[in-house]
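Lettering follows sequence order; numbering is per chain, from 1. Hydrogens, waters and symmetry mates are skipped; everything else that's a heavy atom, side chains included, is used.
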Amino acid sequence: MAPATAHNGGTLTDTAAGARQAQELDRVVIRFAGDSGDGMQLTGDRFTSVSALFGNDLSTLPDFPAEIRAPAGTMAGVSAFQVHISDHDILTPGDAPNVLVAMNPAALRANVGDLPTGGILILNIDAFDERALTKAGYSSNPLEDGSLSGFTVYEVPMTTLTLEAAKDTGAKPRDAERSKNFFALGLVTWLYHRPVDPTLQWIRDRFGKSPIVAEANTLAFKAGYNFGETAELFQSSYQVRPAHLPPGTYTNVSGNTALAWGLVAAGTLSKLPVFLGSYPITPASDILHELSKHKNFGVRTLQAEDEIAGVGAALGAAFGGHLAVTTTSGPGVDLKAETIGLAVSLELPLILVDIQRGGPSTGLPTKTEQADLLQAMFGRHGECPVPIVAAQTPSHCFFAAIEAARIALKYRTPVILLSDGYLANSAEPWRLPDVNSLPDISVPFATEPNSTDEDGTPRFWPYLRDEETLARPWAIPGTPGLEHRIGGLEKADGTGNVSYDPQNHERMVHLRAAKIAGIVKDIPPVEVDGEEGADVLVLGWGSTFGAISAAVRRIRARGKKVAHAHLVHLNPFPANLGEVLGSYRKVIVPEMNLGQLSKMIRAEFLVDARSVSKVQGQPFRAGELEAAILEDLDV
Amino acid sequence: MSDTAAPATTKKDWTSDQEVRWCPGCGDYSILTAVQMLMPELGVKRESTVFVSGIGCSSRFPYYMNTYGMHSIHGRAPAIASGLAVARPDLDVWVITGDGDSLSIGGNHLIHALRRNVNLNIILFNNQIYGLTKGQYSPTSEVGKITKSTPFGSLDRPFNPISLAIGAEATFVARTHDMDRKHMMATFRRAWEHKGAAFVEVYQNCNVFNDGAFEKILAKDARPTNLIPLEHGQPIRFGPEGEKGLTRGPDGELRVADVADVGEDALVVHDEKRQDPSLAFALSRVATGPYEPTPIGVFRAIDAPDYGSAVQRQLLDAQEKKGPGDLESLLTSASTWTVSGNGTNGAGGPSDSID
């Protein structure tokens with residue numbers, strides 16, 4: 001690409017390409033921001049993928065509006081993708097970006113507040129006209145009023161250069177302009193020494209059916225790359241070397257993909273076909289999409305007419321002997337509550353996956369929150385206990401899904417698996433497990449009568465329990481001699497016949513509670529990442545794992561002592577939790593809600609836990625938690 | 001699950017040991033008997049037969065069948081049964097429901113099970129009243145119904161279940177009634193033979209809360225005059241002497257006519273296999289309620305791919321194309337990279353990171 005084209009912006013001097021100094025960085029946080037229609041998620045995704053292949057450790061934070069296309073150029077329509085890459089192992093997508101790529105004034109205005117002084121700002125100046133500035137709510141032009149003086153600003157005419165690059169492809173200018181995200185990607189690819197070929201290959205694969213689009217994107221990408229190399233705008237480029245990660249085969253995975261794969265794996269490990277009944281809902285739909293691809297594993301996916309039918313169909317499949325799953329988010333959990341209650345009464349295995357989002361009601365569909373914990377615990381009528389498993393990182397979603405399936409199958413119970421919008425869309429490198437090391441979670445179906453009448457006739461009692469697990473037999477239709485009827489009416493202990501006997505009801509309530517409580521014998525103790533002499537424990541669950549771990553590292557780097565424990569099992573709690581909590585002077589519980597786990601442990605263990613709460617639709621930053629923990633350390 | 005022929009059975013084999021707890025004189029008893037008598041005739045296996053119900057008087061039905069069964073929650077039986085039927089195409093899955101269960105709280109699931117054409121036999125006990133909750137009007141009650149919840153008369157217009165099912169793209173739609181066991185058995189058999197979703201409305205008397213709702217057409221002496229039997233390929237006629245019939249008016253509407261006046265050739269010939277639903281729909285509108293000549297029998301029975309078989313075909317196709325699922329290939333299906341043991345890929349050295 002001829003550097004001359006770059007003169008349109010009027011900010012460049014014409015020089016030949018020269019090798020400039022490449023500066024070494026141990027890590028960098030880049031945020032791509034633009035209009036919802038600008039393709040920022042795709043840009044971030046591509047940058048992430050090549051960085052993963054390059055060998056960096058990384059963590060991402062996509063952040064987009066609920067509207068598919070909010071009015072162009074407005075603050076409401078800004079979509080951003082933050083990626084943290086490093087040469088060592090990292091835990092969060094980064095508290096603040098070092099580099100902000102802003103495709104228009106709204107993207108700048110919405111994000112510049114997060115950019116620390118001295119940060120790099122790469123702007124598509126073609127988008128900074130009077131109208132766009134007004135739309136974004138700027139009363140004066142930030143490029144001229146000195147408000148950006150604290151940053152290193154690169155003004156790049158991305159739209160003009162993209163149009164110029166694509167002019168011979170035959171793409172209409174309107175279409176060609178849409179390739180400008182690839183220009184930005186090319187530029188940042190150059191700036192951070194990322195490999196070029198994987199992206200070029202990806203463009204060929206993705207847009208192969210539309211050669212003009214593929215060509216325009218390719219040329220825009222190359223133009224961006226060459227612009228960086230050729231234009232003497234950038235004093236330096238940057239190297240972030242591959243991370244020193246444990247040996248193994250890695251892939252880059254998002255939480256929802258890992259969770260879907262975990263469900264497929266659970267099917268294989270239990271030797272049961274997977275059945276998903278689901279209704280589309282943000283941010284859970286990607287699990288439905290992913291599972292729908294894997295029909296060769298025998299995975300059946302039914303996109304139901306509503307949330308209730310999604311879980312209903314799954315429950316029907318569970319009765320038929322399948323590994324039954326339903327996936328949803330908060331509003332769907334509300335609707336499924338009655339069927340979960342039925343599953344508790346029927347004592348059939350079922351996995352409800354809740355990808356939590358901001359609530360109440362429709363709330364913040366694309367933003368993260370952890371405010372469904374108490375709903376998972378208590379959100380049904382009657383005494384209706386359900387085991388709860390929570391995933392803590394994107395790759396951990398895989399194992400959490402297998403664990404949820406294991407408990408559901410072994411104890412014949414619905415299990416709620418909690419993830420959230422942040423884990424769902426965030427990605428990290430994952431060292432793939434040896435599939436042979438994954439647990440066998442298969443359980444036998446009942447095949448024979450388990451009781452005899454007084455006259456010696458063999459009889460099947462559907463509610464005769466296993467003494468160890470208190471699980472009832474799983475006798476599936478098609479099994480001769482075990483025909484039986486189950487339902488939501490209270491059942492007589494043992495026979496399963498309808499019973500209104502008061503004593504029997506109390507016994508059954510206790511039995512159902514004891515069955516779930518008894519799972520405690522079957523889950524690992526909570527591990528404490530502790531230090532000798534630490535007297536403050538940070539207790540977390542779910543997606544706060546990365547931020548808490550990073551905050552703990554920072555505090556230790558200051559020479560102070562703190563311990564961290566993170567719960568995967570929230571019902572029942574691990575057997576040693578009470579003892580662990582009791583051995584610290586202070587327990588701090590950071591949560592993206594108003595203190596739900598802290599309420600639970602206060603109630604269960606009489607621990608004076610301190611809740612640290614954040615409900616902004618955004619994950620905790622390590623710095624926020626560091627400050628919060630320090631308050632208790634410095635007393 | 002095995003392919004061996006079912007052993008010969010009798011009604012007794014299909015009767016569970018549970019005491020039937022419907023009110024004495026309830027129409028549900030005769031429906032239960034019809035089903036229990038039909039099963040031995042079908043030559044099916046008890047273990048391969050499942051009854052799924054929702055909530056309401058009729059939904060107690062599964063407890064009384066010596067088969068697999070599930071008494072589920074209000075309105076959801078078609079959804080639950082859909083999951084079971086799709087997961088287990090080897091089973092005969094029956095849905096037992098009532099007018100409140102399937103047309104009010106569960107209306108959404110009913111129409112979607114029908115449109116998907118899931119392989120289910122759906123038997124709707126229509127008594128035009130809420131019985132289990134002791135007598136409120138239902139979505140099939142006539143306008144002006146005086147009940148506990150409508151002391152001044154109900155205001156809502158009722159559903160016509162047959163019209164609704166046809167509108168929901170049902171491939172098999174029939175009506176029968178609790179006073180005629182033979183007709184019930186024949187109709188249920190047709191439903192069972194149909195591949196896909198079969199919908200049968202049964203006019204059923206609730207002798208406690210809505211006694212005599214169907215008296216005008218189902219009283220023994222009223223039947224010849226007020227029931228219009230539908231027989232595929234036959235001119236539609238009725239009356240004690242067959243003196244009445246249905247003709248199509250110039251506006252397309254079906255009307256009752258005297259055969260003597262119009263001649264036999266003018267009568268509409270029933271065609272349940274017509275893809276176009278207009279005839280079936282017009283038949284469903286001949287009576288505005290169970291107090292005037294009302295068609296019974298099979299309105300519509302067309303061949304269409306059933307959902308479960310289509311699902312099964314996609315699974316087999318995928319397995320044929322991609323081979324059986326392999327976990328390791330799944331996990332490595334996106335781009336992967338390898339970090340070797342000597343750390344050649346990692347130049348960063350031990351980490352002292354704070355993030």
Side-chain angles (χ1 to χ4, degrees), chain A residues 49 53 55 87-92 94 241-245 247-251 261 264-265 268 275 277 294-298 300 302 304-306 308-309 312-317 319-320 322 338-339 342 432 435 477-480 483-489 497-498 550 553-554 557 622, chain B residues 1 16 18 45-48 50 52 62-63 66-73 76 79-88 90-91 108-109 112 311 314-315 318-319 321-325 327-328 330-332 334-341 343 345-355:
Chain A
S49 291
L53 287 175
D87 68 1
H88 56 273
D89 96 285
I90 49 169
L91 299 158
T92 75
R241 294 196 176 275
H244 194 80
L245 298 170
T249 301
Y250 285 76
T251 195
W261 289 358
V264 174
T268 305
F275 185 102
H294 302 300
K295 298 194 191 305
N296 61 323
F297 281 85
R300 289 166 177 79
L302 191 152
E305 58 271 20
D306 58 30
I308 299 172
L315 185 60
F319 187 53
H322 282 223
E338 189 190 14
T339 310
L342 177 63
L432 295 175
V435 297
T479 316
E483 294 83 5
H484 64 281
R485 279 65 56 193
I486 54 178
L489 287 170
N497 291 332
V498 174
R553 278 188 188 175
R554 289 185 184 189
Chain B
M1 285 201 283
S16 79
Q18 298 297 298
K45 297 178 189 169
R46 292 193 297 116
E47 68 265 22
S48 303
V50 186
V52 180
Y63 289 121
N66 191 11
T67 63
Y68 284 89
M70 188 195 293
H71 176 216
S72 76
I73 42 179
R76 317 305 170 202
I80 293 169
S82 289
L84 179 61
V86 170
R88 294 287 306 276
D90 57 311
L91 302 173
N108 201 31
H109 308 307
H112 286 276
V311 167
Q314 279 194 342
L315 295 184
Q319 276 158 10
K321 260 187 217 140
K322 291 162 98 183
L327 266 190
E328 185 146 4
L330 174 68
L331 299 189
T332 53
S335 305
T336 61
W337 67 97
T338 304
V339 175
S340 61
N345 194 44
S351 163
D352 59 350
S353 167
I354 50 168
D355 267 309

Proximity breakdown for B:Gln18 and chain A, heavy-atom pairs closer than 4.5 Å: side chain
Looking only at heavy atoms, which two atoms of A:Gly316 and B:Leu84 are closest? And how far apart? O-CD1, 3.4 Å
Value for CD1 (A:Ile308) from CD1 (B:Ile80), rounded to nearest 0.5 Å, stands at 10.5 Å
Minimal heavy-atom distance between B:Ser335 and A:Leu53, with the atoms involved, is CB-CD2, 3.5 Å
Chain B contact via A:Leu432 - side chain, backbone, both or neither, heavy atoms under 4.5 Å: side chain
Region of A:Phe275 in contact with chain B, defined by heavy-atom distances below 4.5 Å: side chain
As a quick check of understanding, evaluate side-chain contact (heavy atoms from CB on, under 4.5 Å) for B:Val52 and A:Phe319, giving each step before the final call. CA-CA 11 Å; B:Val52 180; A:Phe319 187 53; 5.8 Å; no
Contact summary for A:Arg485 and B:Ser16, nearest pair of heavy atoms: NH2-CB, 3.6 Å
Considering non-hydrogen atoms only, spot the tightest contact between B:Arg88 and A:Gly320 and give its length. NH1-O, 3.0 Å
Atom pair CD (B:Gln319) and NZ (A:Lys295), whose distance is rounded to the nearest 0.5 Å: 11.0 Å
Flag the one option from B:Leu330, B:Asn108, B:Val50, B:Thr332 with the top tally of heavy-atom pairs under 4.5 Å to chain A. B:Leu330
Taking every heavy atom of B:Ala87 against every heavy atom of A:Ala317, the minimum-distance pair comes out as CB-CB, 3.8 Å
Would you please classify the geometry between the A:His484 ring and the B:Tyr68 ring as parallel, tilted or perpendicular, with 30° and 60° separating the classes? perpendicular
Contact part of B:Arg76 toward chain A, heavy-atom cut-off under 4.5 Å: side chain, backbone, both or neither? side chain
Steps toward side-chain contact (heavy atoms from CB on, under 4.5 Å) verdict (A:Tyr250, B:Thr336): CA-CA 5 Å; A:Tyr250 285 76; B:Thr336 61; over 6 Å; no
Are any of the side-chain heavy atoms of A:Asp306 and B:His112 separated by less than 4.5 Å? no
What part of A:Thr339 gets within 4.5 angstrom of chain B, counting heavy atoms only: side chain, backbone, both, or neither? both
Would you say A:Asn296's side chain and B:Gly323's backbone share a donor-acceptor pair under 3.5 angstrom? yes
By a 4.5 Å heavy-atom criterion (distance strictly below it), what part of B:Ala81 contacts chain A: side chain, backbone, both, or neither? neither
Under 4.5 Å from any heavy atom of chain A - which part of B:Val86: both
Supply the atom-to-atom distance B:Tyr63 OH to A:Leu489 CG, rounded to the nearest 0.5 angstrom. 4.0 Å
Tell me, for A:Thr249 versus chain B, whether the close heavy atoms (under 4.5 Å) come from the side chain, the backbone, both or neither. both
Please evaluate residues B:Glu328 and A:Val435 with respect to the criterion side-chain contact (heavy atoms from CB on, under 4.5 Å), reporting the C-alpha separation (whole Å), side-chain torsions for both, the decisive distance (0.1 Å), and the verdict. CA-CA 6 Å; B:Glu328 185 146 4; A:Val435 297; 3.9 Å; yes
Under a 3.5 Å distance rule, please check whether A:Glu483 uses its side chain to pair with a backbone N or O of B:Glu47 as donor and acceptor. yes
Can you see which heavy atom on A:Leu342 is nearest to which on B:His71, and at what distance? CD1-O, 4.4 Å
